[in-house]
Amino acid sequence: MPTLTDYQQFAGTHWETGTVHNYLAYRGARAPHTGAPFSEALLLGVSGGLVVGYFTFRYEGWDPQCNILTRNTFNPFDTMLSRLGVVQHREQTASSQKAADLLAQTLDEGVPAIVWADMWSLPYNGLDASEDMWVMFPILVYGFDPDAGVAHIADRARVPLTASAADLATARGRVKKDKHRLLTLDPPRPEKLAEAVAAGIWDTIRLFTEKPPKGAAHNFGLAALRYWVEMLTLPKKRNSWARLFPPGLPLYAGLTSAYHFAFLFGKGESEDAERGLYADFLEEAAAILDRPALREVAAAFRASAAAWGALAEALLPGTVPPLVEARRLMRERHTLFLARGGDAVAELRALDARLATIREGMLEEFPLDAVGAAALQAGVAERLTRIHDLEAAAVAALRAAMA
């Protein structure tokens with residue numbers, strides 16, 4: 001049955017930009033300004049680039065959560081492809097058998113297939129499948145043998161991944177809107193690249209400085225950083241951390257979820273909230289648009305990347321043993337998956353078990369009292385203010401460079 005035996009593309013990190021990078025690299029698409037595959041940094045920039053998003057959630061029966069967005073999430077996948085002039089060929093069916101047949105047919109034609117799958121249903125992620133948890137993301141299938149019951153997959157890890165045909169079918173069928181969707185792509189149109197890059201840059205400028213396409217203004221951009229600082233330092237505010245994340249398990253959950261979403265979820269090895277990747281994009285954009293000033297803006301975002309690294313330390317500081325252990329374990333889990341994929345599942349589950357033990361300990365004895373918790377939050381706020389000032393200057397310089 002069909003397997004692309006020459007497939008070796010595993011550099012893509014994010015479900016959307018990384019999967020498209022892997023696909024285009026295999027198909028031989030080359031960026032006109034480099035003669036190399038379209039980089040994930042370039043695809044990030046074209047898709048809308050960076051943002052700061054700040055959201056908190058509290059649902060009965062679940063730990064409270066702080067969700068931090070670091071890149072544009074307003075339809076980035078289709079935006080990226082449309083701007084580059086990429087024609088999409090989509091197939092979708094309600095039938096799992098027809099979906100399997102379409103997948104095999106696509107691979108028989110020598111083309112990998114982008115499919116949408118629930119990450120909780122794919123065992124190589126080392127997550128416990130649950131009726132209450134699902135999230136659909138694009139991944140790349142480059143081999144499929146229903147007779148042997150195996151699929152070969154590229155999905156963030158730097159190594160090949162496998163899933164049983166049954167698990168892949170379950171993952172692909174989890175959500176009706178994305179059920180058994182399959183996508184192949186035509187190559188980008190080189191003449192569209194400069195316009196696409198410029199549009200992506202203006203998206204970033206607007207997301208940092210203007211009202212977002214959806215949602216409250218204080219949840220996005222520079223306003224989100226200021227709002228987060230307020231929530232950390234003004235305890236009487238309605239959605240303050242003092243109210244949503246008091247010392248104990250709620251504060252532990254708030255700190256670890258903020259760290260997870262800012263520095264791990266869909267990210268690479270760097271603890272920089274993707275600012276370094278965006279700086280790489282701006283270096284490419286300087287050449288594509290013939291705007292040398294963008295290289296100086298790239299340096300400004302690299303300074304911001306370092307400030308985000310300082311925020312990671314402030315969220316889970318080395319001075320508080322269970323918090324720094326949680327940070328170490330979470331990062332170890334992340335880097336293990338990137339390096340070894342499904343071969344590391346036993347270790348991933350062992351790390352999760354230790355993290356669960358630390359979480360349980362927060363129910364009995366939290367390492368900080370109210371004064372210590374307030375001091376930790378003040379330290380986080382200080383780092384956020386530094387990020388705000390650096391990114392305000394970087395975005396202003398970005399606007400000037402595009403004038």
Side-chain angles (χ1 to χ4, degrees), residues 14 16-17 41 44-57 65-77 79-80 83 197-234 237-241 257-259 261-263 265-267 272-279 281-282 285 294 297-312 314-315 380-403:
H14 192 272
E16 295 172 331
T17 52
L44 167 65
V46 170
S47 74
L50 296 185
V51 72
V52 179
Y54 171 81
F55 298 87
T56 55
F57 304 95
Q65 177 177 295
C66 178
N67 191 325
I68 305 303
L69 307 181
T70 59
R71 59 166 60 196
N72 170 41
T73 58
F74 295 106
N75 197 29
F77 190 85
T79 295
M80 165 180 56
R83 284 176 173 167
V197 166
I201 289 174
W202 281 108
D203 276 350
T204 291
I205 293 169
R206 285 189 289 266
L207 286 168
F208 268 95
T209 60
E210 299 178 10
K211 190 177 186 302
K214 294 181 182 178
H218 69 246
N219 287 126
F220 289 93
L222 296 171
L225 289 167
R226 294 191 296 269
Y227 181 71
W228 191 359
V229 169
E230 288 183 6
M231 295 306 101
L232 287 162
T233 58
L234 300 177
K237 289 280 189 177
R238 177 172 173 266
N239 291 315
S240 72
W241 274 55
S257 58
Y259 179 83
F261 286 109
F263 301 109
F265 189 71
K267 310 297 194 293
D272 66 356
E274 302 186 286
R275 271 50 188 169
L277 190 65
Y278 191 71
F281 159 68
L282 291 176
L294 289 173
V297 184
F301 276 103
R302 295 196 195 282
S304 173
W308 279 92
L311 174 65
L315 285 167
V380 172
E382 181 180 349
R383 303 309 192 281
L384 288 169
T385 300
R386 173 66 174 160
I387 291 169
H388 173 278
D389 294 346
L390 287 169
E391 297 203 339
V395 172
L398 186 59
R399 185 188 293 274
M402 294 298 292

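Contact annotation: the side chain of L398 never approaches that of W202 to less than 4.5 Å [non-hydrogen atoms, C-beta and beyond]. Between F281 and I201 the shortest side-chain heavy-atom distance falls below 4.5 Å. Using a 4.5 Å heavy-atom cutoff, the side chains of T209 and R399 are in contact. The shortest side-chain heavy-atom distance between K267 and D272 does not fall under the 4.5 Å cut-off. Between E230 and H218 the shortest side-chain heavy-atom distance does not fall below 4.5 Å. Residues L50 and F208 are in side-chain contact: their nearest non-hydrogen atoms beyond the backbone lie under 4.5 Å apart. Within the 4.5 Å cutoff, the side chain of E391 has heavy atoms near those of the W308 side chain.
For S240 (side chain) and L232 (main-chain N/O), no donor-acceptor pair under 3.5 Å exists by modelled atom type. The closest donor-acceptor contact from the side chain of R83 to the backbone of V46 lies under 3.5 Å. Within the 3.5 Å criterion, the main-chain N or O of S47 finds a donor-acceptor partner in the side chain of N72.
We find the CG-CG distance between L384 and L315 to be 7.5 Å, quoted to the nearest 0.5 Å. Distance check, rounded to the nearest 0.5 Å: CD of E274 to CG of L44 gives 6.0 Å. Rounding to the nearest 0.5 Å gives a distance of 14.5 Å between CG of L390 and CZ of R302. To the nearest 0.5 Å, the span separating CD on E382 from CD1 on I387 amounts to 11.5 Å. Rounding to the nearest 0.5 Å gives a distance of 10.0 Å between CZ of F57 and OG of S257. Taken from OG1 in T385 to CG in L311, the straight-line distance is 10.5 Å, to the nearest 0.5 Å.
P212 and F74 make their closest contact through CB-CZ, 4.1 Å (heavy atoms, listed as atom of the first residue, atom of the second, distance). Closest heavy-atom contact between L207 and P213: CD2-CD, 4.2 Å. The shortest non-hydrogen separation linking R206 to A199 is NH2-O, 4.4 Å. A pairwise comparison of heavy atoms in H388 and L222 identifies CD2-O, 3.5 Å as the closest pair. Between E16 and P76, the shortest heavy-atom contact is OE1-CG, 3.3 Å. Here the shortest heavy-atom pairing between C66 and W228 reads SG-CZ2, 4.4 Å.
Between Y227 and Y54, the ring planes are perpendicular. Angles over 60° get that label, and only those under 30° would be called parallel.
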Decide side chain to side chain contact (heavy atoms under 4.5 Å, CB included) for L277 and F301; before the verdict, give the C-alpha distance in whole Å, the side-chain angles of both, and the deciding distance to 0.1 Å.
-> CA-CA 9 Å; L277 190 65; F301 276 103; over 6 Å; no
Apply the test side chain to side chain contact (heavy atoms under 4.5 Å, CB included) to residues F220 and L69: give CA-CA distance (whole Å), side-chain angles for both, the deciding distance (0.1 Å), then the verdict.
-> CA-CA 9 Å; F220 289 93; L69 307 181; 4.0 Å; yes
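Under the 6.0 Å cut-off for aromatic ring centres, F55 and F261 do not qualify, their centroids lying 6.0 Å or more apart.
Heavy-atom contacts from other residues, nucleotides or ligands closer than 6.0 Å to CZ of R386 number 12 or fewer.
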